[in-house]
J.: 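Handing you this structure, nothing more for now.
FYI, the numbering just counts along the sequence from 1. Remember, it's 1-based here, ligands and their atoms both numbered in the order they're listed. Values below: all heavy atoms of this structure, side chains included; hydrogens, waters and symmetry mates excluded.
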Amino acid sequence: MNKKRIGILTGGGDCPGLNGVIRGVVRAAVRRDWDVVGIEDGFDGFLHQEKCRLLSLEDVRGILPRGGTILGTTNRGNPFSFPIMREGKIELVDVSDEVVSRIELLGISALVVVGGDGTLKIALELMKRGVPIVGVPKTIDNDLLETDVTFGFNTALETATDALDKLHSTAESHHRVMVLEVMGRYAGWIALEAGIAGGADVILIPEIPYDIERVAQAIVERGRRGGRFSVIVAAEGAYPKGGSRVVKEAAGGKSVVERLGGVGEKISHELGGVLEMDVRVTVLGHLQRGGSPSTFDRCLSSRFGVQAVELIEAGSFGQMVCLKGRQIGAAPIEDAVRHLKLIDPDGALVRHAEELGIMLGR
Ligand code: F6P
């Protein structure tokens, strides 16, 4: 039997735990005497021979506690809609033929694609072109279906909760309202879970458009009960009833999707106009995507890597590794990218937050 050679790439925004997956894949593959080719910078790497390199055990030594990805990534790398410069203008062209033939040339018989919704959708398109693919779900936003949780989310939660703890003490000293803007484009998982863990007074998420007057009222009422400060956590994708998301940069140009950011300032401005208290804003931004993965994410990402190799061994292509309850398993990639996993405004998590006295903007 020919020696198996598998490929691995990381696509989309980075997150803590990517290196754990890479290490898990390489370790499990080497035990089977397979070769692993690491492709740098997502699918783009296939367009450059020097970006496709063999990964040995030495290459993955010591990377488990490291944030980011040793392979690099990009969130612009779609081979079906690849940006090239033609006569001073950006044009989108289909370079998927080139990618497929590079995969064949490299002798890759299965490809592990580590990514979120966008990257896994591209992977499905490549499957249709005959590339055997196994998916590994990643995103700090935790908005992928078919897995209870994605790795990276737990570390981001720790970062956001730590920020809330720190904001609490300064909010209390100065009797201020502190607004913490966290990531979460369409789903408010980070805001809601960190908000609960960090004892926030108000949590604003994209799934529940907020009413600023009610938010102000809740802060005033809290003041009457003796709470002379308030801490608000808002997902970057939160928006007011009848309003829209705050966009920092439109899609196109350098960004494939629109860049969000600024809702914290918007809330601060709106509250500043009606409250007598000082309002300050902290935008946590990419701190949530960086740093060393938490214990939970190290374990989950390592197991996801091993499971990906086991799926390849079993010939289960088109599947994505996942966590259901405490079991690592697999689900069709197609089901995972059907739509985003959003918070149910009438679900238990929101209800429990409200039972805790947290104001959800409604
Ligand atoms: O999808 C993960 C995410 O962190 C979003 O929450 C955020 O909107 C986006 O990435 C930011 O991406 P970029 O690094 O391109 O600014």
J.: Answer yes or no: is there an ion pair linking E313 with K4, defined by an N-O contact shorter than 4.0 Å?
T.: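 So E313 does not pair with K4 through a salt bridge.
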
J.: Salt bridge (charged side-chain N to carboxylate O under 4.0 Å, His left out), that's the test. Do R351 and E354 meet it? Break it down for me.
T.: CA-CA 5 Å; R351 191 181 71 245; E354 287 178 332; over 6 Å; no

J.: So which of T73, D41, T69 actually passes side chain to side chain donor-acceptor pair (under 3.5 Å) with T10?
T.: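 That would be T69.
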
J.: Determine, for F151 and R298, whether the Lys NZ or Arg CZ falls below 6.0 Å from the six-membered ring centre while staying within 45 degrees of the axis.
T.: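 No, R298 does not sit over the ring of F151.
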
J.: What protein heavy atom sits nearest atom 4 (O) of ligand 1, and how far off is it?
T.: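 The closest one turns out to be M183 SD, 2.9 Å.
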
J.: For atom 1 (O) of ligand 1, what is the closest protein heavy atom, and at what distance to 0.1 Å?
T.: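 The closest heavy atom on the protein side is D141 OD2, 3.3 Å.
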
J.: With only distance considered, is E236 within less than 3.5 Å of ligand 1 through an N or O on each side?
T.: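 N/O-N/O distance below 3.5 Å exists for this pair.
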
J.: Would T139 count as a polar contact of ligand 1, with the cut-off being nitrogen or oxygen pairs under 3.5 Å?
T.: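 In this structure, T139 places no N or O atom under 3.5 Å from an N or O of ligand 1.
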
J.: Within a distance under 4.0 Å of any heavy atom of G184, pick out the atoms of ligand 1 and give their elements.
T.: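 Near G184, the atoms of ligand 1 are 6 (O).
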
J.: Note the single closest protein heavy atom to atom 11 (C) of ligand 1, along with its residue, its atom name and the distance in Å.
T.: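 Heavy-atom neighbour on the protein nearest atom 11 (C) of ligand 1: R289 NH1, 3.5 Å.
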
J.: Do D59 and S56 pair up side chain to side chain, a donor and an acceptor below 3.5 Å, judged on atom types alone?
T.: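 Per modelled atom types, D59 and S56 side chains form a pair under 3.5 Å.
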
J.: Among side-chain atoms of D44 and T74, is any donor-acceptor pair under 3.5 angstrom?
T.: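 No, no side-chain donor-acceptor contact under 3.5 Å.
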
J.: Give the residue and atom name of whichever protein heavy atom lies nearest to atom 13 (P) of ligand 1, and the separation in Å to one decimal.
T.: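 The closest one turns out to be H286 NE2, 3.6 Å.
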
J.: Taking non-hydrogen atoms only, is N75 closer than 4.0 angstrom to ligand 1 via side chain, backbone, both or neither?
T.: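 Near ligand 1, N75 shows its side chain, while the N, CA, C and O stay back.
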
